[in-house]
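Contents: one structure, followed by commentary.
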Amino acid sequence: MKNFQYFKPKSLKEASEILSKHKGKAHILNGGTDLIIRMRDRIIEPEVVVDIKEIDELNSIHLNKHGELIIGACVNLNDIAHNKIVDENYDFLSKAAHMVGSSQVRNRATMVGNICNASPLADTATPLLALDAKVLVYGAEGKKEISIHDFFIWVRKTCLKIGEIVIGIKIPSYSNDILGDFQKISRRKMVDLSTVCGTVLKNGDDIRIALGAVSPTPIRLRKTEGFIKGKELTEEVIKKALEVAVSEISPIDDIRASKEYRINMTKVIIKRGLKKIRQKNLALAEG
Amino acid sequence: MKYKINFNLNNEEIEHYIDPNRTLLNMIREDFDLTGAKEGCGAGECGACTVLLDGKPVNACLVLAIEVEGKDILTVEGLSPGNKLDELQISFIENAALQCGYCTPGMVMTAKALLKENNNPTEEEVKEALSGNLCRCTGYKKIIKAVMDIVEKGKH
Amino acid sequence: MEFVGKSVNRVDGIKKVTGSLKYVDDIKMHGMLYAAVKRSIYPHAKIINIDITKAKKLKGVVDIVIGKDFPKRVGLYLEDKTFLAVDKVRYRGEGVAAVVAKTEELAHKAVDLIEVEYEELPAVTSGVEGLKEDAPLVHPDLDKYKWAPIFFPKEGTNISNHYKLRKGNIDKGFENADIVIENDFYIPHVQHVPIENHSAIAKMDAEGFLTVWASCQSPFAVRQALSVAFDIPLNKLRVISPAVGGGFGGKAGTTLEGIVIPLAMRTNGKPVKLTYSREDEFVNSFVRQGLHARIKTGAKKDGKIVAVKNEFIWDGGAYTEYGVNIAKAAGYASTGPYDIENVHSDSICVYTNHPVGGPFRGFGMCEIHFAIEQNMDIVADKLNIDKVKIRKINGLKPGGVTATGEQLDVCGLQECLDEVVKDIEYYKKEESNEPNKVRAKGIAFGFKAPSMPNNVASSAIIKINEDGTLHLLTSAQDIGQGSDTVLTQIASEILSIPPEKITIKTGDTDHTPYEWQTVASRITYCAGNAIKLACEDAKNQLLELAQIKLGIYKRDLELKDGNIVSKIYPDKKVSISELSLGLSMPDGSGIHGPIIGRGSFIPPNIRDADKLTGLGDKPVAFWTFGCQGVEIEVDIETGKIKVLNVASCFDVGKVINPKLIEGQVEGAIVQGLGTALFEELILKDGKVLNPNFVDYKIPTFDDMPKMIIKFVENAEETGPFGARGIGEPSMVPAAPAIANAVYNALGIRINSLPITSEKILKALKK
């Protein structure tokens, strides 16, 4: 690993200034579980590393006064997975956080890190896409919010500009109870990357579907959602929805799986997700 | 350029100077000769380098040494001060929960952290907590037994 | 018995649970220098030029060696390798130059500065391809190499060994058969994946004495190879294996030791260390050879198999100094544990431009059984005969005859089958609770013999200390299997001294006596016998002295609790401690001196097979037979297989330590499960695409099935207390048992490993 200068700013302003000053030669260090490997393998060789973990406001999970859930950039995945508010409201998000890496990795890695890597198969991206989350960003012009839908640009590329720091994730306040399901298909059940992962959720009458590892970025399946909208989830509707879903993904062949297998798993995830929602609905109706 | 860091290592306050590009694993092994934590992959996939950072298991290969400023580190060497074995270590021996021994220190540390956090885990919880520690020799069964024996003992 | 057969705690337990045991990479020495290796980027290429000038100028670089500096070929069975490539590279990753520098980082930097000019050659990327007439030759000079006369390389081809077995009359056999079927199978390369990567340190002192600390299974085999390669006399070369963090065959023979030695010869006495990265471990240490297997079977309607013709084509990789013997082992075991009259087998080891094939737990048996045991189920189905019954009919029994014509006096295979059928509840149908999941069971046999030269030697020394405690010296290596403990128990039993009073010392060619290698599941048997003999020798010396001291004839004396005691008058005794340095006579003089027991052992009466037919009445020391049953659950929508239950039973002759042997089998089952479901080195144009844990998955906790482990104890006449080996055999049936369960669940045959979800789904959709 090439040597570098190390900074541990106490404030966002300070952090942003260091990043701007060392334009493109500086890298943010958060959980480090990805960065350190990439530096060791000499894929990246930053001259400056800015550790943001000492910035107080990035370390909490809380509901703001509007009832929106804020997850700080430096909250690690285990703390998210075990957080009561998260689990009570969005158990599928807890599950997604819990399915990343090992316990050791989750004690360091963060959800913000997971999405900032912009891997097509980021486990926590699909629940956030399904929840219409906002990415909270601090930059030279102060704070701003970016829709998660605009955040991912391509494989390992986000819309962030030099000097910008993601300070957290905001999940909008929902008046309904959200029924959701996160699924992950991987070669080995524990501690593996997703072959395909996905979140299917229901908010009122609205059904949302987001998938990972089937396109250059994690995606929402808008056409499929549109097709389902207003329909009762019969076997026939589900079957047709799966065909629509296949038409809006573009999975690849790689050493982890073939395109064909990813298409099949897309169908399995959506089918199971929809059926689970149907079941939960019934249970609620019978209540 | 070396940076000064202060931290607690196996219950001893340390002041140390370190280059920022060194990992925690590299520092404890090279500078403190604490070689219980091993490098099995250098990528956080095998768990052989597991140590406890503020009580939580982490892969020491994925932590920069400079990040431990102000923190507590417990390595396997700190688990049995004065050669007095921890009950978990005794349980590993009695259950033959080790073979070549290379994954054992990391395994013991992860299990120790789990038991500190949850003194009554189910077998499933033990499997889950330890699934980031690879062992190629034992087939895992006796490791689970070693941990569950401590859980059972705790109930009496 | 007092100590044998007891679940004694591991004698190396404390140093392992405390992390205080120093493995090679944990060792630090004053002035330590670090090595790094420049590696080939082509699978097959001529080396035109190696330019080290820029690298040498880098500050902190001490020296650089290239292959040409040490061109002497070495090898365990066939001398085909050099530690760094000379003239041409034969696999992607092969070392062409090695640097020694002040830090690891500098060494790697220097490696980047070495410029190598290659002329690419067409590559051989499978064993089958390598057999083609127009295939490029990986070793054009094969005819000039030296090899042991039991191997059959063919000059002008890529064949480094062609083992033939011809028994009975194969054509007649097929003529008499009611059905004849033929099946093909493929087993890809896999890797051992010890959690400890290879590591070695070498140091030369002013007198020219060289010491090597290596994470190796076989210090004496390493010493021999290094001595030949670098012309160092054995008395000036010391190999120490302080601890081994998992071997599974990968640390047998030699790998990186030969890279650090030439560097250490140029550092003015400073030690040189080289530790492999995980990627190196996957690509540049031994891998398990790939195999194409074809089996043609002729059977009678009643289930009796009358003819087997099979062809095993091994993808041996760039060097097959060790791999040639895997082809041989597969050849003489080619029918599996079945009694078949007419056999025609060809087992061919082929050079390819792939990573170097070498020994891996099972030594060919896991691979061929994946074919043999699935084939057996296919035959049973074809004949509409129960799969247990066909194994009852054809499986070896006492008095039965193996493929090479060896008649067996002892064989517990059928007992193992009965036990497994019972434990896995083979005939009880289980239903899954989930509609998309199917459950089924499968069984498979497995057998294995130690595959080693006939005359491999073991030795042991036992020293009795003044206080009656012991030092046991052997070069059997505890690579995790528990030999330190089991060998100590054997000594305890014979000398009636508890394990805590015995210290076992291993793995130092200067100070511990000769042991061929810790491989082949042979240590309990071979080293165990040597230790038994050494202890009996010491015991005899003690009895001789005691009979003088006590005036009781030695046949009436026995060892008990640290004393030599009269069997008739228990109060008449003398302590071992009192006799440890000899016997003091009443007149004040002394006789005999310190008690030192020595034991030397070579397995008795193993003879070469006939060169033309491969037939032989005693080709191996012993066979270990057994059976495994599994229950699996398959998700038919995702293709995911979960192994729920496993029952294993092996005839081990004698269980020396119940909890350790159980651990061996549990580990073998889970390792076998890994090779069955996940593991494969994905090779493309000679490049390993998944040399890391991200994309090469081994099982973890959640993959572990419930396991029922049993043993049958039909004593091996020549084994210590009747024991035979188990480490490898227990893994042999794992993959085929799962494959057979998959068929029983879904009616699909997966003929290649690993049995991935993807393959299942694809087959289901057909």
Side-chain angles (χ1 to χ4, degrees), chain A residues 1-8 10 26-54 59 74-79 81-82 95 98-110 113 186-193, chain B residues 1-5 18-26 37 39-71 106-107 109-111 113-114 117-118 121 124-134 140:
Chain A
M1 201 187 300
K2 209 179 135 195
N3 222 337
F4 48 81
Q5 257 186 297
Y6 173 85
F7 293 96
K8 196 157 59 174
K10 298 263 188 220
H27 206 292
I28 293 173
L29 169 65
N30 194 354
T33 54
D34 194 70
L35 178 69
I36 293 170
I37 295 173
R38 290 163 68 78
M39 291 200 297
R40 188 205 61 174
D41 292 346
R42 298 173 178 213
I43 297 166
I44 50 171
E45 299 193 314
E47 287 173 15
V48 169
V49 166
V50 184
D51 187 343
I52 58 170
K53 289 191 288 293
E54 290 278 295
N59 282 295
C74 300
V75 180
N76 73 46
L77 287 164
N78 266 342
D79 286 344
H82 298 145
K95 189 175 165 194
H98 185 73
M99 294 299 284
V100 178
S102 62
S103 161
Q104 290 94 318
V105 165
R106 292 191 302 274
N107 277 331
R108 299 293 290 169
T110 63
S186 51
R187 296 158 296 188
R188 190 175 71 189
K189 191 173 153 200
M190 300 280 179
V191 196
D192 196 0
L193 300 174
Chain B
M1 173 188 154
K2 282 191 165 50
Y3 293 67
K4 188 176 101 173
I5 49 173
I18 191 101
D19 274 315
N21 65 339
R22 300 203 30 218
T23 62
L24 172 59
L25 178 62
N26 183 276
E39 179 166 314
C41 68
E45 295 278 342
C46 76
C49 64
T50 304
V51 301
L52 305 193
L53 184 63
D54 284 345
K56 306 249 166 148
V58 298
N59 295 309
C61 73
L62 294 188
V63 176
L64 294 175
I66 198 164
E67 291 181 88
V68 305
E69 160 70 30
K71 298 194 182 296
M107 200 69 83
M109 294 314 284
T110 309
L114 169 71
E117 207 170 277
N118 175 2
E124 282 311 307
E125 285 169 330
V126 172
K127 282 186 188 178
E128 183 149 284
L130 292 179
S131 61
N133 291 77
L134 296 177
Y140 300 111

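Residue numbering restarts at 1 for every chain, and letters A, B, ... go by the order of the sequence lines.
- Nearest heavy-atom pair, B:N21 versus A:F4, reported as atom, atom and distance to 0.1 Å: CA-CE2, 3.7 Å.
- Interatomic distance, SG of B:C61 versus CD1 of A:I36, reported as 8.5 Å (0.5 Å rounding).
- In this structure, chain B has a heavy atom under 4.5 Å from the side chain of A:R188, while its backbone stays farther away.
- Shown here for B:Y3 and A:Y6, the closest heavy-atom pair between the two residues is OH-N, 2.8 Å.
- Interface check for chain A: of the options B:V63, B:L53, B:L62, the most heavy-atom pairs under 4.5 Å are formed by B:L62.
- Most heavy-atom pairs under 4.5 Å with chain A: of the set B:N133, B:T50, B:T23, B:N59, this distinction falls to B:N59.
- Using a 4.5 Å cut-off on side-chain heavy atoms (C-beta onward), B:M1 and A:Q5 make no contact.
- Across every non-hydrogen atom of B:G132 and A:S102, the tightest pair is CA-CB, 3.4 Å.
- Per-residue counts of heavy-atom pairs under 4.5 Å with chain A were compared for B:G47, B:G44, B:G42; the largest is that of B:G42.
- The greatest number of non-hydrogen atom pairs below 4.5 Å with chain B, out of A:R40, A:Q104, A:E54, is found for A:Q104.
- Top candidate by heavy-atom pairs under 4.5 Å with chain B, chosen from A:L35, A:N107, A:V191, is A:N107.
- For B:L52, no part lies under 4.5 angstrom from a heavy atom of chain A.
- Ranked by non-hydrogen atom pairs under 4.5 Å with chain B, the options A:K53, A:M190, A:R106 are led by A:M190.
- Looking at A:K8, only its side chain comes within 4.5 Å of chain B, counting heavy atoms on both sides.
- Counting heavy atoms from C-beta outward, A:L29 and B:L64 have side chains that approach closer than 4.5 Å.
- Counting heavy-atom pairs closer than 4.5 Å to chain B, the top-ranked of the candidates A:K189, A:H98, A:M39 is A:H98.
- For chain A, the nearby parts of B:A43 are the backbone and the side chain; heavy atoms of each come within less than 4.5 Å.
- Using a 4.5 Å cut-off on side-chain heavy atoms (C-beta onward), A:M1 and B:N26 make no contact.
- Neither the backbone nor the side chain of B:C46 comes within contact range of chain A; no heavy atom of the residue lies under 4.5 Å from a heavy atom of that chain.
- Residues A:D51 and B:E69 are not in side-chain contact: their nearest non-hydrogen atoms beyond the backbone lie 4.5 Å or more apart.
- In this structure, chain A has no heavy atom under 4.5 Å from any part of B:L114.
- A:R108 is listed as a side-chain neighbour of B:E67, based on a closest heavy-atom distance under 4.5 Å.
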